[in-house]
Amino acid sequence: MPSMKSLPVIQDEPRAPGHRSLWQSVEELEARAAVSRGEFAAGAAEVPPELSRRSFMQILGASAALGGLAACQPPREKIVPFVHEPPEDRPGKRFHYATALSFDGYATGLLVGAADGRPVKVEGNPAHPASLGASSTWEQGALLDLYDPERARGIWRKGQPLSWRGFLAEIQQLAKVHDADGGARLAFLLAPDASPTQADLLRRIQARFPKARFHAWAPITEENAAEGARIAFGRPLDARPSLDAARAILSLDADFLSGHGESLRLTREFARHREPGAGMNRLYVAEPAMSLTGANADHRFRMRGTEVASFARAVAVKLGVVPIAPALSPELALAAKAVAADLSANRGRSLVLAGARQPPAVHALAHAMNAALGNVGVTVTYSRPVLGEAAPSAASLPALAKEIQAGKVDTLVITAWNPAHAAPAGLDFGALLAKVPNAVYHSIREDETSRRCSWRVAASHPFESWGDGRSRGGVASLVQPLIAPLYESVSTIDLLASFLGQGDRGAMQHVKAYWMARSAIDPAFFEPQWERWLRQGVVPGTAEASETALVDVAAVASSLGRLSLPKGDGVELAFAPSYGLFDGRFGTNAWLQELPDPITKVSWDNAAYLSEATAKRLGVADGQVATLALGNRSVQAPLKVMPGHADDAVTLALGYGRSDGSAVSKGVGVDAYPLRDAGAWFAPGLSVKAGKGKHKFAIAQGHFGMEGRPLALDFTSEKWGHAEGGGELEHLRGMPATLQVPVDYSKQEYSWGMSVDLSRCTGCNGCVIACQEENNIATVGKEQVAKGRIMHWIRTDRYFSGPAADPETITQPVMCQQCETAPCEYVCPVNATVHSEEGLNEMVYNRCVGTRYCSNNCPYKVRRFNFLNWRPEVPNVQTLLFNPDVTVRSRGVMEKCTYCVQRIEGARIDARAGGKKIGFVQTACQQACPAEAIVFGNLNDPQSRVRKLHDDARRYDLLHELGTRPRTAYLVKIRNPNPELA
Amino acid sequence: MSATRVILGQYPTVDSLYGAARAMQAAGHSALDFHSPYPLPGSDEVLRLKRSPVPFIAGAAAFVGVVSAVLMQWWMNDIDYPLNVANRSVVPTPTWMPVTFELGVLLAGTSIFFGLMALFRFPKPYDPLFEVEAFRSATIDALWLSVSVKADQVPSVSDELRKLGAAQVELVPEEA
Amino acid sequence: MTPPATAAVPADPLAPMPLIAGHPSDAQLNTELLAPIFGPTPQAWKMMVGMAAMGTGLLFLGLTVTIARGIGMWGNNQPVGWAYDIINFVWWIGIGHAGTLISAILLLFQQKWRTSINRFAEAMTIFAVMQAAMFPLVHTGRPWFAIYWLFPYPSTMGVWPNFKSPLIWDVFAVSTYFTISLLFWYLGLIPDLATLRDTAKKKSQRIAYGIFALGWKGSSRHWQHYRIGYLILAGISTPLVLSVHSIVSFDFAVSLLPGWHTTIFPPYFVAGAVFGGFAMVLTLVIPARKAFRFENVITNRHLENMAKVMLVTSMIVGYGYLMENFIAWYCGNPYEAYLFFKTRPFGHYAAIYWIMLACNVLVPQTFWWKKARTNVAWLWVASILVGLGMWAERFVIIVISLSRDFLPSSWGNYAPTWVDWCIFVGTLSFFSLLFLLFLRFVPSVAVAEVKELNHEMQHEKAHAGEHA
Amino acid sequence: MSAIFKPSANFFARFSLVLVATVLGGGLLGLWGYFRTPYAQGLQEEIAQPILFDHRHHVVDDLIDCRYCHFNAERGASAGIPSTEMCLNCHAQIWNKSPKLEPVRRSYFTGAPIEWNRVHQLPDFTYFNHSIHVSKGIGCVSCHGRIDQMPAVTKVASLQMSWCLECHRNPAPNLRPRDQITSMTWQPPDDPAAAKTLAADLMKTYDVHSRVSCTTCHR
């Protein structure tokens with residue numbers, strides 16, 4: 001049996017590496033979880049499956065006596081101890097393991113917290129360059145996928161189950177057959193992955209089958225960037241922006257604050273320079289639909305996706321990079337002039353970024369501009385592509401399709417995500433798959449593709465398997481399992497190894513072997529090295545060195561010349577990855593489905609976004625269902641007017657409208673793939689015909705205006721300059737007049753507080769999912785969200801100001817403000833919400849009877865009520881997801897943010913048991929936040945960061961005049977507009 | 001000493017009723033009572049009744065209610081488990097008022113009802129008077145005078161009552 | 001020799017209509033007023049009871065679904081945490097008030113005209129409060145614990161209710177109010193029950209009423225205590241009524257929500273309650289007196305007086321509306337201003353706001369004219385409109401205020417579900433059911449009191465005759 | 001005979017009234033009492049266990065410290081129930097043939113865990129942590145009673161909230177020196193004054209606080 005030693009990051013005392021058979025302990029854990037049958041169970045379904053009947057009977061006979069009995073005498077539990085104590089088992093103690101999660105090829109380092117041997121919380125790995133301790137909605141969401149009861153299980157061939165050994169034998173046979181012709185009839189359709197071990201395996205497979213074809217494919221690729229680099233430098237290079245030094249940033253449709261890869265690092269660098277002062281950066285964004293990045297821009301220029309090139313070119317002309325200026329609308333021309341001026345004013349401290357959706361020429365032009373501005377080496381560096389061969393190409397799928405058509409493929413191994421669903425328009429890849437005798441589909445879930453494949457191999461979740469990966473920039477991390485596969489499943493490495501007859505060697509051996517070979521360390525000394533890497537989560541000395549690269553301006557110019565500019569004023573359709581589901585791979589993830597879109601706040605849906613003017617021109621209205629047609633292809637999609645959307649353009653997010661996957665993903669939203677050519681981003685000549693019927697959206701925030709109320713405040717940098725120390729904010733902070741004698745918290749050792757910096761917050765929603773994961777917050781589904789019953793404890797309010805066509809945006813995370821004179825408390829008839837000595841507004845779920853009075857009286861409306869039992873029955877496997885430190889709330893109970901009191905109390909116990917003081921406590925939202933916008937800590941500690949921020953000149957209290965004295969302070973957002981454009 | 005018997009006399013008007021009563025009192029019969037479908041003005045004076053204790057009962061009960069309400073709230077919220085509720089002051093007398101008032105009223109009200117029951121010795125579904133068929137009119141439209149006398153005086157008193165204008169005179173049978 | 005005063009001489013139009021028509025004897029009154037009980041069961045009554053019973057079925061369906069599945073079966077949401085549940089609660093409790101007011105306050109003020117209608121009113125109070133009392137319990141997410149923790153018994157946890165919360169005040173107020181009203185009503189009933197016991201022919205009836213009469217024999221020694229007791233009970237009921245609706249209004253006034261946070265609420269709620277209550281009395285009395293031919297005990301003068309009371313209270317309520325808006329403007333608080341000048345008149349629920357104003361302020365203005373006050377048909381329609389208007393008022397206060405509070409980000413609208421409707425219709429039916437039973441089995445007019453009044457009036461007439 | 005009721009009716013009427021009153025009053029009183037009975041609190045209830053494990057023998061005869069098996073008590077939320085492996089640390093050598101221990105060996109070799117019946121059970125919304133109590137000087141015996149005298153473990157404390165609060169409000173009397181934590185027999189000095197001073201400086205040295213905030217136990 002292969003050793004499956006996982007090593008925690010934080011270790012209290014050195015312990016001899018023991019062996020743990022997790023299979024066993026998992027069952028035990030399930031048993032443990034399953035026995036909780038309290039009226040509230042921590043870490044288990046709070047109500048037994050036979051809820052309705054049970055509780056109903058209970059209610060019928062409800063009386064003081066029964067209530068009392070029910071409250072104090074739950075049925076007797078079982079205690080199920082281990083048979084073999086795992087080495088680092090400490091009941092209830094949380095261990096963090098360093099691992100990494102690869103996403104379209106690029107890895108982000110994580111620390112995954114495991115309680116009693118089950119992963120329950122995902123955090124970023126501070127030591128990892130792509131995370132810096134933060135984590136995005138997608139990394140957080142991965143945990144829910146792990147425990148998804150609808151995951152694929154086992155290995156199947158033509159509907160017959162196969163054992164792992166049986167499968168290996170079969171593959172041996174196949175391999176022998178293919179040996180004959182050097183693998184001429186063998187093909188691989190691979191998900192992009194920078195894993196060195198995997199690359200090594202592929203090389204060896206290629207060696208065995210020289211004629212085999214390897215296609216890397218994903219619905220969303222960055223080919224344009226690569227091609228752009230090839231044009232500019234004559235060879236493919238990865239451009240790595242660094243915003244630390246950048247003072248003027250021009251984003252050409254580049255949504256660098258979201259998406260995968262490095263958005264976390266970029267967000268942090270961007271946010272760090274959003275405080276007023278000399279170091280403050282200025283962001284220009286040119287884009288069609290409002291993106292997260294656009295929402296954070298100081299100047300946002302809305303234009304159709306294909307017009308961005310012209311704009312870029314206009315800027316470039318002003319910078320003297322290329323000659324001929326294109327035709328532009330006067331205001332855009334003006335903008336281009338100002339932007340160019342600002343960029344050149346910040347020579348060497350500016351940056352031009354081109355988005356993945358822009359054609360190669362624009363990327364090339366961006367490179368040229370950066371070179372001209374002397375930014376290379378300062379705000380942008382170039383290095384060898386990390387993905388290299390594994391870089392996905394949209395063309396690969398049609399190519400493969402041709403081969404299949406020609407009957408050149410007998411065996412096709414697919415690790416790429418769901419090609420049958422995401423295949424380009426007009427290509428029925430599913431049907432082709434049926435033609436392949438041995439189509440082996442390796443996926444974590446049964447989906448549109450697996451239905452068509454003769455072989456289905458369940459994939460292990462990254463948290464269940466050994467492996468490795470590389471971040472953008474090349475830093476390698478090891479992937480170690482936190483739990484044995486919950487279902488019979490296979491890791492990618494094991495699958496590929498099986499084609500080398502090494503499928504039974506165990507993924508860990510492959511990984512270890514590769515790194516041992518690579519590190520060239522004497523095997524005797526390798527082990528400690530290996531353990532250090534596992535603990536740190538990064539392998540030192542693996543980053544790609546930056547290379548000097550010279551721009552071939554002529555080539556750039558000519559590529560621009562070849563660029564086809566948009567003709568006529570037809571409506572243009574733009575595709576975009578969805579913020580929740582990316583390309584659709586998260587469609588089965590209820591957290592991400594329910595997560596409101598950061599801009600439109602639409603939940604459980606995508607929609608055809610368009611500007612108000614365009615809607616008027618086309619004679620359609622918000623919420624109408626319309627037919628979007630490109631030539632002879634068409635889809636039915638609901639329309640949504642999006643403030644700030646470019647005119648004559650419609651944006652449709654990818655990833656929705658799945659016909660399969662799971663109960664969660666089925667039939668949610670509209671499938672955009674039937675309209676999309678391979679790798680296409682912008683399609684001209686869209687016809688929009690209003691159809692019958694209105695679509696009912698589930699929108700988490702219906703009202704976008706602030707109605708002139710002082711809620712989310714912003715200043716321009718110069719206005720702030722004159723505001724000498726935020727004098728204008730004085731009436732929004734400090735102790736309001738009161739008849740109550742204020743309780744004195746200064747004597748307390750700790751008095752907890754929080755601050756939220758609106759200048760830093762980008763509205764990425766990372767905090768929302770982190771909170772949901774930490775606090776066992778339920779998802780409620782589309783109907784309930786539409787009814788206004790979404791359960792998120794922290795929400796990112798987003799307000800628009802200025803002209804609806806082209807508004808300014810501000811996002812404001814709002815969670816319980818922990819008011820010192822909390823309006824919710826005095827109205828609760830049963831003392832279910834009261835104050836702690838340290839100033840927390842406590843919510844005692846087991847005391848709550850659910851009058852909802854507290855919520856009515858909460859001016860911030862941050863309380864959430866369990867209107868129904870959101871978890872009628874929880875599959876045992878999902879009970880493993882629950883954070884055991886937080887009560888799972890039952891029906892009829894109010895819940896809310898508690899500043900992660902379970903973390904505070906945990907830290908207190910750990911500290912005081914050792915006679916120490918409470919050290920560093922982070923709330924889940926704070927820990928996830930890439931922008932460091934949320935800071936939590938002890939207000940009574942003059943050194944603490946939160947104390948300093950509470951005394952900051954930008955500090956103000958939300959709804960200060962109500963005299964609620966919130967413990968959460970907000971710092972006003974500072975905008976940094978260009979005076980020339982003001 | 002022989003048992004007392006109750007004699008009933010029915011009178012057409014209040015005045016004749018009162019007249020008879022006064023005469024009876026003059027004759028030394030003090031154990032009198034009227035029975036009427038509705039309260040008779042001035043009957044108290046005629047019958048020389050003492051002041052009713054009901055107001056006192058109500059007042060006492062109200063006082064008990066108020067005091068216990070204050071003690072309850074004070075002990076529960078400020079002594080046994082003092083909690084910081086929204087930074088409100090420790091002894092929030094204003095917020096006590098509603099409960100205090102209501103509890104005072106509740107006790108006063110209930111005590112009046114049960115006090116009356118006690119004074120009437122209710123429930124008392126059986127009463128010898130009910131044996132007299134004609135007495136049923138007492139709650140409908142007739143005015144009755146009841147006199148309890150020594151057994152040997154029954155005939156004389158009956159005659160007396162008739163003389164005083166009784167429309168009919170009934171002898172209440174002895175309790176079986 | 002003077003000509004006899006003939007019809008030629010017009011009757012003085014200002015002379016009030018008599019409270020009891022004709023010169024009935026006690027016996028006549030008795031048979032007349034008890035006719036509904038001893039008479040045969042009317043077909044109409046049976047039908048109405050049947051319908052009411054069915055409607056009551058809806059109520060229990062609604063409650064069962066709610067308790068089994070949760071509050072989510074209603075339309076309530078974030079931010080509208082309270083809706084039909086509390087609307088109905090306030091509306092019903094308000095209706096209850098007129099009853100106690102008529103029977104207690106008018107008694108204290110020696111308003112003789114009260115006697116013929118107070119029994120109706122008190123019954124109405126009790127049945128209305130029964131509807132209302134249901135909601136504070138079932139509107140909670142976990143009623144079974146609500147009971148247990150509001151009366152923390154057997155108190156093994158050492159945690160107590162929070163007496164700073166208006167909801168606790170509600171619990172005490174409503175339960176006290178119900179208890180006192182019930183005792184007051186029953187105390188008033190005892191002599192009549194005795195009368196029934198002695199009037200009844202059937203043995204079964206005699207036994208039934210005999211049990212509840214507790215052995216009343218009309219003794220003057222009893223009447224002495226009885227009268228003073230009844231008077232004091234009336235005395236304490238009066239402040240009780242005022243306190244109850246003031247406390248109900250605290251549920252809102254104590255909070256800081258725009259549209260709730262209003263100092264004028266207590267008097268304005270009490271007035272509204274009396275207003276709506278009187279409307280309900282009319283709605284019930286007018287058909288009842290027709291059905292049971294009580295016209296000469298519940299005369300038009302009674303109806304007219306009630307119309308007058310409604311006119312006055314409607315003006316107080318109107319003043320309340322005016323003040324709310326004035327203060328919202330005068331204090332210059334943007335949140336208040338937005339609610340009162342944008343949301344209510346022009347917002348998503350504007351229709352309901354205007355219905356409220358029309359029914360509660362305009363309709364009663366017709367009562368300035370005697371014609372309207374004495375037109376029974378119009379009185380009845382108007383009373384129903386007012387009932388509707390008062391319901392709309394609670395909707396405006398509760399739902400509209402909640403739907404647009406401080407942070408626009410959390411604004412949201414509310415839409416009732418079928419369960420909400422079941423419960424609302426159900427309470428109406430349950431109320432009617434109880435009331436129909438009351439009409440059939442309990443003297444719906446205070447017989448003893450009417451006799452007393454009758455006696456007094458004839459007494460006065462006699463004296464008047466002497467002086468003439 | 002005109003009266004509808006017999007004279008006896010009066011007795012029945014009043015008797016039924018008294019009956020109702022006593023039932024109500026008695027019921028409430030009974031309820032109050034019931035929850036204070038050992039029965040309602042599940043005290044002194046011998047709970048059958050899959051294995052006849054006798055603490056008396058292990059604690060008294062073998063003088064094994066509680067923390068040998070419940071090793072997590074000092075450092076974790078739960079004291080930990082020893083794994084089968086741990087039983088066999090000793091029982092591989094001694095009594096390794098005893099039929100009484102057959103289930104233990106079976107568990108060890110089949111890998112099927114032993115399912116014990118829980119004795120001390122808090123509601124799942126109550127977060128109790130052993131380590132902090134132990135480190136602040138609360139002895140095992142304070143909550144678990146004289147384990148060393150129990151053939152089968154039984155509950156001795158009601159574990160009702162009011163019981164927890166008694167100590168959380170005033171911990172001093174229940175403190176003991178850390179080295180006496182697992183002692184089943186330690187008593188504070190008989191002289192009340194001495195006991196007071198000991199309690200006082202234990203409060204100081206262990207920095208014990210009275211904690212009655214809800215979130216101390218409910219999160």
Side-chain angles (χ1 to χ4, degrees), chain A residues 52 55-56 58-59 62-64 66-68 70-72 701-709 711 784 787-790 795 797-799 812 814 823 826-831 834 847-853 855-857 859-861 863-869 890-894 959 962, chain C residues 64 67-82 136 139-154 156-157 159-162 164-168 170-171 251 254-257 260 333-335 338 342 402 405-415:
Chain A
S52 40
S55 53
F56 185 46
Q58 183 189 5
I59 294 146
S63 75
L66 270 187
C72 70
Q701 179 187 345
H703 198 89
F704 290 171
M706 244 181 294
E707 301 298 337
R709 304 175 178 188
L711 305 178
Q784 297 297 328
K787 274 200 162 121
R789 295 173 179 173
I790 197 163
R795 57 173 201 263
D797 289 351
R798 193 258 315 90
Y799 297 108
Q812 177 178 43
V814 179
Y826 66 87
V827 298
C828 174
V830 295
N831 271 331
V834 299
R847 179 79 183 164
C848 176
V849 299
T851 67
R852 302 185 297 292
Y853 199 171
S855 167
N856 291 345
N857 206 27
Y860 310 96
K861 286 289 175 285
R863 292 178 156 261
R864 296 288 176 262
F865 186 65
N866 289 269
F867 281 94
L868 297 166
N869 173 18
S890 85
R891 182 253 285 193
V893 174
M894 190 61 70
L959 298 178
L962 295 179
Chain C
T64 312
I67 292 172
R69 297 287 322 285
I71 299 301
M73 299 309 291
W74 300 351
N76 301 36
N77 60 13
Q78 308 283 353
V80 186
W82 286 348
H139 97 282
T140 61
R142 306 195 293 169
W144 47 100
F145 282 124
I147 306 169
Y148 174 46
W149 276 321
L150 291 180
F151 300 101
Y153 206 80
T156 53
M157 283 185 291
V159 190
W160 308 107
N162 171 18
K164 299 182 183 75
S165 165
L167 285 184
I168 284 279
D170 267 354
V171 171
D251 286 351
V254 160
S255 86
L256 45 62
L257 198 71
W260 285 16
N333 175 323
Y335 309 103
Y338 189 92
K342 270 220 175 88
L402 282 169
D405 68 340
F406 295 94
L407 301 188
S409 62
S410 52
W411 287 354
N413 293 334
Y414 160 87

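So that the names make sense, note that chain A is the first sequence line, chain B the second, and so on, each numbered from 1. The figures that follow rest on heavy atoms only: side chains count, while hydrogens, waters and symmetry mates do not.
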request  = Step through it carefully: locate the ring centre of A:Tyr853, locate the ring centre of C:Trp82, and say whether they are under 6.0 Å apart.
outcome  = yes
Part of C:Trp160 within contact of chain A (heavy atom distance under 4.5 Å) = backbone
task = Let me know if A:Ser855 has heavy atoms under 4.5 Å from chain C in its side chain, its backbone, both or neither.
result = side chain
Contacting moiety of C:Asn333, where chain A heavy atoms sit under 4.5 Å = neither
ask   = For C:Tyr414, is it the side chain, the backbone, both or neither that has a heavy atom under 4.5 Å from a heavy atom of chain A?
value = neither
inquiry  = Using heavy-atom distances under 4.5 Å, tell me whether C:Asp170 contacts chain A through its side chain, its backbone, both, or neither.
reply    = neither
Test side chain to side chain contact (heavy atoms under 4.5 Å, CB included) applied to C:Val254 - qualifying residues, sequence neighbours left out = A:Tyr826, C:Pro166, C:Trp169, C:Phe250
query = What residues, two or more places apart in sequence or in another chain, satisfy ring pair (Phe, Tyr, Trp, His ring centres under 6.0 Å) together with A:Tyr860?
reply = none
key: Side-chain touch A:Cys828/C:Leu167, heavy atoms, less than 4.5 angstrom   = no
query = Side chain, backbone, both or neither: which part of A:Arg863 has an atom under 4.5 Å from a heavy atom of chain C?
reply = backbone
ask   = Do A:Leu711 and C:Leu407 have side-chain heavy atoms sitting under 4.5 Å apart?
value = yes
inquiry  = Report which part of A:Phe704 has an atom under 4.5 Å of a heavy atom belonging to chain C: side chain, backbone, both, or neither.
reply    = neither
key: Test item: A:Arg789 side-chain N/O and C:Gly72 main-chain N/O as donor-acceptor pair under 3.5 Å   = yes
key: Cation-pi check, C:Arg69 onto A:Phe867 ring (under 6.0 Å, within 45° of axis)   = no
